[in-house]
Structure formats: C-alpha cells, structure tokens
There are 2 protein chains.
Amino acid sequence: MPDAADPAPMNAPYRRKFRREGEERRRQDLIDATLDSVAEYGLQGASLRTIALRAGVTAGLVRHYFPGKEELLQEAYASLMGRMTEQAKAALVMENTSPRQRLAAFVSANLNVPIIDARVFSLWATFIGRAGADPSLARAHREGYLGFRNEVEAVVAEVLGAEQRKPDAGELRHHAIAINAIIDGLWIEGCLAGEMFSPGELAAIGIKTVEAELGLAPSTKFQEK
Amino acid sequence: MPDAADPAPMNAPYRRKFRREGEERRRQDLIDATLDSVAEYGLQGASLRTIALRAGVTAGLVRHYFPGKEELLQEAYASLMGRMTEQAKAALVMENTSPRQRLAAFVSANLNVPIIDARVFSLWATFIGRAGADPSLARAHREGYLGFRNEVEAVVAEVLGAEQRKPDAGELRHHAIAINAIIDGLWIEGCLAGEMFSPGELAAIGIKTVEAELGLAPSTKFQEK
DNA sequence: AGCCTTGTTGTGCAAGTGTATAAATAGCCT
DNA sequence: AGGCTATTTATACACTTGCACAACAAGGCT
C-alpha cells in the first residue's frame with residue numbers, strides 16, 4: 001500500500017472512540033467484568049481500572065452507573081447469587097415425574113456443571129468470606145440459604161408423603177439441613193478437586209447419601225453393583 | 001487547667017520505645033496479627049501497616065522476618081490449616097472406646113466450638129477463594145483435604161469392620177467422600193448461621209446422617225424421641 | 001443541518017500501598 | 001561500664017487506588 005497521508009494531527013490529544021450503550025447493557029457488562037476480575041484476581045486485585053478495562057470502558061464511567069465501588073461489588077454479588085439459586089431451582093420444575101425422581105434430579109443438577117464450577121466457587125468463597133464483617137453480604141447469603149433449604153424441605157415432604165410417611169416439622173427441618181449439607185459439601189469437593197472424581201460420581205454419591213439419610217430403600221438405578 | 005510546661009523538647013524527633021523479642025515470638029505475633037487482620041478486613045484491608053500495628057510493631061519490621069507480604073500470607077494460611085487439622089484429628093485419638101463411638105466423637109468435635117467458628121470460617125473462605133488462582137494455596141488445601149479424608153476412611157473401615165462388614169476400596173472411598181461432605185456442609189451452616197441451631201443440634205444431625213450413610217442401626221443415644 | 005442532552009473519556013489528586021534503606025537503640029558479651 | 005550487633009524504627013519513593021471533575025463527542029431531536 002502506498003503511504004497514505006497520515007490522518008493523525010500531530011499534537012492532537014487522541015481521544016478514544018466510543019459507542020453509547022443502553023444503561024441496562026452497560027450495567028450488566030460492568031457487573032460481569034467485576035465478577036470476572038474478582039474471580040481472577042480476588043477482591044484486592046479487582047480495581048476499578050481493571051474492571052473497566054475488561055468491560056471495554058474507562059474507569060471514570062463506573063461512577064456514572066454506580067455510586068461507588070462498594071455498591072458495584074454488592075450488585076455483582078447479588079447477581080451471582082441470583083444466577084446460582086435460579087439454576088439450582090431449575091431442576092425442580094420437572095413435571096410428570098415421581099417426587100423421588102425429582103429429588104434425585106435436584107441433587108444431580110447441583111453436582112454437575114454448570115453448578116460445579118471452579119470460577120463460581122471462587123467467587124462464592126471470596127464474597128462469603130466477607131459476610132462476617134459485611135452485614136449486607138450476610139443478609140444476602142442468609143436469604144439465599146433459607147430459600148434453598150425451603151425448596152429442599154418441600155421436596156422432602158413430597159418424597160416422604162409418597163412413601164406414606166408423615167414426618168413432623170422437626171424431622172423435616174433436620175432432613176433439610178442434612179441434605180443441604182450433603183449437597184454443599186459435595187459441591188465444594190467437586191469445585192475444588194473436580195478431576196479427582198469421575199463424571200457423575202459425585203452426583204451418584206450425593207443421591208445415594210441423600211436417600212440413605214431419608215431412609216429410602218436403595219434404588220436400582222444408581223446402585224453400585 | 002493551667003498551662004503546664006510542655007514536656008516535649010521542641011524539635012526532638014520522638015522515637016518509639018521498643019523491646020527486642022525472640023525471632024520465634026515475633027514471627028508468630030506477625031502471623032497471628034495477619035490472620036486477625038484478614039478475618040476482620042479481608043485480604044484487601046490487611047495492609048502491612050494494619051498488620052504491624054496489630055502486632056505492636058511498625059511496618060518495616062515485617063520485611064525483617066518475611067521476604068515480602070506474599071510469603072507472610074502464605075505462612076499465615078499454612079498456620080491456620082495446621083491448627084484446623086490438628087484440632088480436627090484430636091478427637092480421633094481417644095482410647096478404650098468403640099470405633100462407632102470414636103466416629104461419633106469425631107463428627108461431634110467438628111461440629112462444635114472451637115471448630116465451628118465464624119472467624120475461622122471467614123479466614124478459610126477468604127484464602128480458599130484464591131486457590132483457583134494461586135497454585136501454592138491449592139496444593140496446601142489439597143493436602144489438608146486428602147489427609148482429612150484418609151482419617152475419615154480409616155475410622156469408617158474400623159466401624160464397618162466391627163460390624164463384620166468387609167467393604168471394598170471403592171465403597172470405602174465413597175463413604176469417606178460422603179461423610180467428609182456431610183461434615184463440611186454442616187460446618188459451613190454452623191459457622192454462617194450458628195444462632196439458627198440449638199447447641200448440639202448440628203452434631204446430632206451430623207451423627208445421625210453419617211450413621212445412616214453407613215447403614216448403621218440408629219443408636220439410642222442421639223435418637224430423636 | 002445544527003443543537004442539546006448525556007454517556008463517555010481523560011486528567012488530576014489525596015490517600016494508601018509494598019518495598020528499600022538509613023538511622024537509632026536494646027540488650028548481650030567481655 | 002562500654003562497645004557491638006542485630007532488631008527495630010522511621011523516612012523516602014515509586015506506584016496504585018478510588019473518586020472528582022472538566023472536556024468532549026455520539027446520537028437523537030427538531
């Protein structure tokens with residue numbers, strides 16, 4: 001190509017080209033960039049400049065959509081929790097299946113991708129580690145946890161009801177706490193050391209353990225031998 | 001008050017008094033101060049000056065005992081993990097008790113203070129959240145986890161052996177994974193929302209769930225009614 | 001076309017960061 | 001008592017951080 005006339009004025013301060021995006025889009029981009037940055041560099045490494053760079057804007061813009069960094073982090077955490085609980089509950093809305101199958105599907109869904117995911121775990125741990133000092137984080141967690149446990153309790157009631165058993169409220173609560181713990185514990189193991197388990201292994205263990213906890217006769221589907 | 005004569009020499013630079021402590025003591029103080037700071041302010045808020053202030057020294061001294069901040073944090077994490085696994089295993093060294101009682105004591109110990117503790121949990125979550133990005137943290141966790149799981153596996157083998165059952169390696173592994181998950185999950189619930197549970201409730205749930213997982217006949221000691 | 005709103009950039013700033021290094025002094029040794 | 005040395009303090013420095021604000025321009029409106 002021939003040397004085209006340099007279109008750049010010699011001392012003109014170059015100003016970056018930009019496009020105006022809708023507010024919804026920009027806010028979401030910034031939140032996603034925040035989660036990416038926190039997952040990769042931690043809370044300490046997630047500076048406004050890092051986040052803005054990842055979102056394709058400059059740092060100053062953040063303050064146009066959020067009062068400050070703290071609020072951005074809070075909204076990012078809320079967004080993360082929303083997505084997690086949404087995915088977790090999605091497995092419960094199946095129809096034309098027995099309660100027991102729905103419970104198994106619920107456990108299985110929580111112990112496979114995309115819920116078993118190192119990045120999501122890293123984010124969860126990073127934020128939850130601040131729950132002790134940050135009341136707003138603590139409250140957000142508490143709500144998510146109780147919502148999750150109530151879902152579990154409802155399915156458990158259905159499963160036991162189908163078996164002609166009538167547990168009282170205390171038993172139901174204990175079952176829900178235990179099952180919630182089983183899922184959480186296996187979720188952590190899978191996220192932190194997924195390659196130590198064969199595909200589906202955690203889900204199989206989870207289902208077997210949950211059914212043992214409820215005192216159900218072993219199913220044939222996931223039995224060992 | 002009358003204007004007392006200012007005891008301060010006018011331009012003399014005041015230099016802080018200090019005592020020389022042994023190397024072991026200072027290192028431990030700095031590590032403890034680091035853990036305190038991280039628990040209270042998070043990794044981002046734990047600056048060298050904050051840590052040093054808490055340890056009763058000035059920031060420059062840190063570099064006299066540690067090559068840099070990163071090494072201080074790593075040693076602090078190692079110290080934390082060491083204390084945690086040490087406490088957790090302590091419950092296993094009882095003598096003159098049946099394997100089943102030892103298992104129950106192990107579960108119970110892990111679901112009561114001092115292992116159920118919001119500060120320790122906050123530290124664990126903060127550090128573990130960085131495991132995905134920091135290989136040295138990931139390795140430290142992996143070792144602690146496998147060590148813990150092996151302990152569990154050994155007790156499980158004893159318990160089942162005492163019941164005349166001969167599980168193969170795969171079953172044993174699954175039991176250990178499941179029991180580890182139960183303990184971890186209940187530990188998290190207790191740390192994050194301890195006041196939602198009555199004293200001993202989590203331990204009771206844990207023992208019952210673990211025994212159900214192993215297919216043991218319900219014991220009378222912790223039975224509901 | 002030209003204007004006007006406002007989304008967006010760029011710069012500046014005070015505070016705080018980790019690290020480097022010089023200066024001081026506490027406490028042991030003789 | 002007095003000196004020596006290593007522990008400790010204090011200061012300096014280059015850099016980053018979150019935030020404030022002025023300048024700019026993208027894109028709809030008339």
Side-chain angles (χ1 to χ4, degrees), chain A residues 7-9 11-34 36-38 40-77 126 130 134, chain B residues 8-9 11-34 37-38 40-77 126 130 134:
Chain A
N11 261 351
Y14 285 117
R15 190 163 256 262
R16 185 181 162 160
K17 293 282 191 271
F18 63 91
R19 282 198 325 137
R20 300 182 151 201
E21 300 284 355
E23 163 162 358
E24 216 60 22
R25 171 72 187 279
R26 273 278 190 263
R27 289 179 65 89
Q28 198 55 53
D29 283 352
L30 284 170
I31 286 177
D32 289 342
T34 302
D36 283 343
S37 301
V38 171
E40 192 155 350
Y41 311 110
L43 276 179
Q44 38 175 358
S47 72
L48 287 181
R49 285 164 177 87
T50 304
I51 293 169
L53 179 69
R54 198 164 208 130
V57 296
T58 53
L61 190 62
V62 173
R63 289 255 321 166
H64 195 262
Y65 289 105
F66 300 91
K69 192 191 182 184
E70 188 158 339
E71 288 79 5
L72 172 58
L73 285 172
Q74 278 177 14
E75 289 212 28
Y77 179 62
T126 301
R130 298 284 69 224
D134 188 331
Chain B
N11 263 352
Y14 282 119
R15 190 163 256 262
R16 185 184 162 157
K17 295 278 191 274
F18 62 92
R19 283 199 325 137
R20 306 181 114 147
E21 301 284 355
E23 162 161 359
E24 216 60 22
R25 170 73 187 278
R26 271 276 134 86
R27 288 179 64 89
Q28 197 54 54
D29 282 352
L30 284 170
I31 285 176
D32 289 342
T34 302
S37 301
V38 171
E40 192 155 350
Y41 310 110
L43 276 178
Q44 38 175 356
S47 73
L48 286 181
R49 285 163 177 85
T50 304
I51 292 169
L53 179 69
R54 199 165 207 128
V57 296
T58 54
L61 191 61
V62 173
R63 291 257 319 165
H64 195 262
Y65 290 104
F66 299 91
K69 192 190 182 185
E70 189 156 339
E71 288 81 2
L72 172 58
L73 286 173
Q74 278 177 14
E75 289 212 29
Y77 179 61
T126 301
R130 298 284 71 223
D134 188 331

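Chain A is the first sequence line, chain B the second, and so forth, proteins listed ahead of strands; every chain is numbered from 1.
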Value in whole Å for how far the [atom2] atom of [N] lies from [atom1] of [X]:
X       : N      : atom1 : atom2 : value
A:Arg26 : C:dG7  : CZ    : C1'   : 8 Å
B:Glu24 : D:dT7  : CD    : P     : 13 Å
A:Tyr41 : D:dT16 : OH    : P     : 14 Å
B:Leu61 : C:dA23 : CG    : P     : 19 Å
B:Phe66 : C:dT19 : CZ    : C1'   : 16 Å
A:His64 : D:dC21 : NE2   : C1'   : 13 Å
A:Glu21 : C:dT9  : CD    : P     : 11 Å
B:Glu71 : C:dG18 : CD    : P     : 13 Å

The side chain to side chain contact (heavy atoms under 4.5 Å, CB included) partners of B:Thr34 (sequence neighbours excluded) come to B:Val38, B:Ile51, B:Leu72, B:Leu73, B:Ala76

message = Tell me whether the side-chain N/O atoms of A:Tyr14 come closer than 4.0 Å to OP1 or OP2 in C:dT9.
response = no

### Task
Ignoring backbone atoms, establish whether B:Tyr65 has a side-chain N or O less than 4.0 Å from OP1 or OP2 of D:dT8.
yes

### Query
Which is true for A:Val62 with a 4.0 Å heavy-atom rule: it touches a base, it touches only sugar-phosphate, or it touches nothing?
nothing

Taking N or O atoms only and anything under 3.5 Å, show me the protein contacts with nucleotides 12-17 of chain C, one pair per line.
unit_1	atom_1	unit_2	atom_2	d
C:dT17	OP1	B:Ser47	OG	3.2

Closest to the side chain of A:Thr58, out of D:dT9, C:dG10, C:dG7, is C:dG10

TODO: With the side chain of A:Arg63 defined as its heavy atoms from C-beta on, choose the nearest nucleotide among C:dG10, D:dA20, D:dT9.
DONE: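 Ranking C:dG10, D:dA20, D:dT9 by closest atom to the A:Arg63 side chain puts D:dA20 first.
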
Set of side-chain hydrogen bond (donor to acceptor under 3.5 Å, both in side chains) partners for [X], sequence neighbours left out:
X       : answer
B:Glu21 : B:Arg19
B:Glu70 : none
A:Gln28 : A:Asp32
B:Arg54 : B:Glu40

For a quick test of reading the model, state the closest non-hydrogen atom pair linking A:Lys69 to A:Ala46 and the distance between them.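 Shortest heavy-atom contact: NZ-O, 2.9 Å.
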
List every contact pair, protein side and nucleotides 26-30 of chain D side both N or O, where the distance is under 3.5 Å.
unit_1	atom_1	unit_2	atom_2	d
D:dA26	N3	A:Arg20	NE	3.4
D:dA26	N3	A:Arg20	NH1	3.3
D:dA26	N3	A:Arg20	NH2	3.1

Comparing A:Ala59 with B:Gly60, nearest DNA chain D nucleotide closer to 5' gives the residue B:Gly60

| Residues B:Tyr65, B:Ile31; criterion side chain to side chain contact (heavy atoms under 4.5 Å, CB included); working and verdict | CA-CA 11 Å; B:Tyr65 290 104; B:Ile31 285 176; over 6 Å; no

Set of salt bridge (charged side-chain N to carboxylate O under 4.0 Å, His left out) partners for A:Asp29, sequence neighbours left out
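A:Arg25.
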
With sequence neighbours left out, the residues meeting salt bridge (charged side-chain N to carboxylate O under 4.0 Å, His left out) with B:Arg27 are B:Glu75

